[in-house]
> 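I have a structure here, written as structure tokens, and I will follow up with some questions on it.
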Amino acid sequence: MFHDVPQSLLERMKALELLDRQQREGAAPAAERLRQVPRETGMFIALAAASAPDGLCIEIGTSGGYSALWLALACRERGRRLVTFEVSAGKVVLARESFRMAGVEPWVRLVHGDARQHLEGYEGISFCFLDADKELYLDCYEKIVPRMVRGGVLVADNALSHKEALEDFLDRVVSDPRLDALVVPVGQGVVYGRKQ
């Protein structure tokens, strides 16, 4: 999977990495910043998604599409599709451009809207990457887990960098008997959970 990444996808990843770096250095307004995962987290979620059982792959919080590009690699590898949700109209435009330029449109469906209002239409979730506004994590989690297949994987970003803001969410995940979960110190820290 990592040894045969299409050049168009690599180029778009590099462009998004540069844009993210420029925004951080230029102190872009918080609402406009990409807030994308570091490369090692992208690789981690791609491996996790590729290792998940058969089913639907979803992402909550598309931003500019960087993490979705990593997930598209896993979807391409496994012959499945990613459904990714984003509320910001500006980020939806950027993400659509990312998917077109990277050539991953056959594996990615972008939904402009709040995932919490759409999740009831999706069942058989085998993988979910959660990287949205932190106050939404717990609500999203409670909507996702009942729709996951046995052995399905949930990965949530910022478990260490936003530990205080995610305290209720983290407590719920690690104590939830429906999942086996732990915090993995990759990138900004991720919660990795597997449904029983």
> Could you pull out all residues at least two apart from T84 that satisfy side-chain hydrogen bond (donor to acceptor under 3.5 Å, both in side chains)?
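Residues passing side-chain hydrogen bond (donor to acceptor under 3.5 Å, both in side chains) with T84: E59, T62.
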
> Tell me, please, which residues at least two apart from A156 pass side chain to side chain contact (heavy atoms under 4.5 Å, CB included).
L130, Y137, F169, V191

> Tell me which pairs pass salt bridge (charged side-chain N to carboxylate O under 4.0 Å, His left out) where either residue lies in residues 181-196, with sequence neighbours left out.
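Residue pairs passing salt bridge (charged side-chain N to carboxylate O under 4.0 Å, His left out), neighbours aside: none found.
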
> According to side-chain hydrogen bond (donor to acceptor under 3.5 Å, both in side chains), who are the partners of R116, at least two apart in sequence or on a separate chain?
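If we apply the side-chain hydrogen bond (donor to acceptor under 3.5 Å, both in side chains) test to R116, skipping adjacent residues, the hits are D114, D139.
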
> Can you tell me which residue pairs pass the ring-ring contact (aromatic ring centres under 6.0 Å, His included) test with a partner in residues 142-164, sequence neighbours excluded?
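The answer is none; no pair qualifies.
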
> R81 and V108: which non-hydrogen atoms are nearest, and at how many Å?
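Scanning both residues completely, I find the closest heavy atoms to be NH2-O, 3.3 Å.
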
> According to the ring-ring contact (aromatic ring centres under 6.0 Å, His included) rule, which pairs have a member within residues 90-113, sequence neighbours left out?
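ring-ring contact (aromatic ring centres under 6.0 Å, His included) check on residues 90-113 returns no pairs.
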
> Please identify each residue that fulfils side-chain hydrogen bond (donor to acceptor under 3.5 Å, both in side chains) with R109, with sequence neighbours left out.
Y122

> With sequence neighbours left out, what residues match D133 under side-chain hydrogen bond (donor to acceptor under 3.5 Å, both in side chains)?
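side-chain hydrogen bond (donor to acceptor under 3.5 Å, both in side chains) list for D133, sorted by chain: empty.
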
> Testing the basics here: between P53 and R78, what is the closest heavy-atom pair and its distance to 0.1 Å?
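Nearest heavy atoms, P53 then R78: C-NH2, 4.2 Å.
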
> Got a sec, which pairs hit side-chain hydrogen bond (donor to acceptor under 3.5 Å, both in side chains) with one end in residues 37-47, sequence neighbours left out?
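Qualifying pairs, neighbours excluded: E17-R39.
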
> Give a yes or no on whether L166 and V155 share a hydrophobic cluster (residues Ile, Leu, Val, Met, Phe, Trp, Tyr; joining criterion: side-chain heavy atoms under 4.5 Å apart).
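The answer is no; the residues belong to distinct hydrophobic clusters.
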
> Side-chain heavy atoms under 4.5 angstrom apart, residues restricted to Ile, Leu, Val, Met, Phe, Trp, Tyr: same cluster for V153 and V183?
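Hydrophobic grouping puts V153 apart from V183.
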
> Who passes side chain to side chain contact (heavy atoms under 4.5 Å, CB included) against R147, sequence neighbours left out?
E120, E123, I125, K143

> What's the shortest heavy-atom distance between L71 and A49, and which atoms?
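Looking at all heavy atoms of both residues, the closest pair is CD2-CB, 3.8 Å.
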
> If I compare all heavy atoms of A102 with all of L69, which pair ends up nearest, and what's the gap?
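Scanning both residues, the minimum pair turns out to be CB-CD2, 3.7 Å.
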
> Got a sec, which residues hit side chain to side chain contact (heavy atoms under 4.5 Å, CB included) with V184, two or more places apart in sequence or on another chain?
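For V184 the side chain to side chain contact (heavy atoms under 4.5 Å, CB included) partners, ignoring immediate neighbours, are F44, L182, V186, V190, Y192.
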
> Excluding sequence neighbours, so at least two apart, what forms side chain to side chain contact (heavy atoms under 4.5 Å, CB included) with Q196?
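Scan of Q196 (side chain to side chain contact (heavy atoms under 4.5 Å, CB included), adjacent residues dropped) gives D180.
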
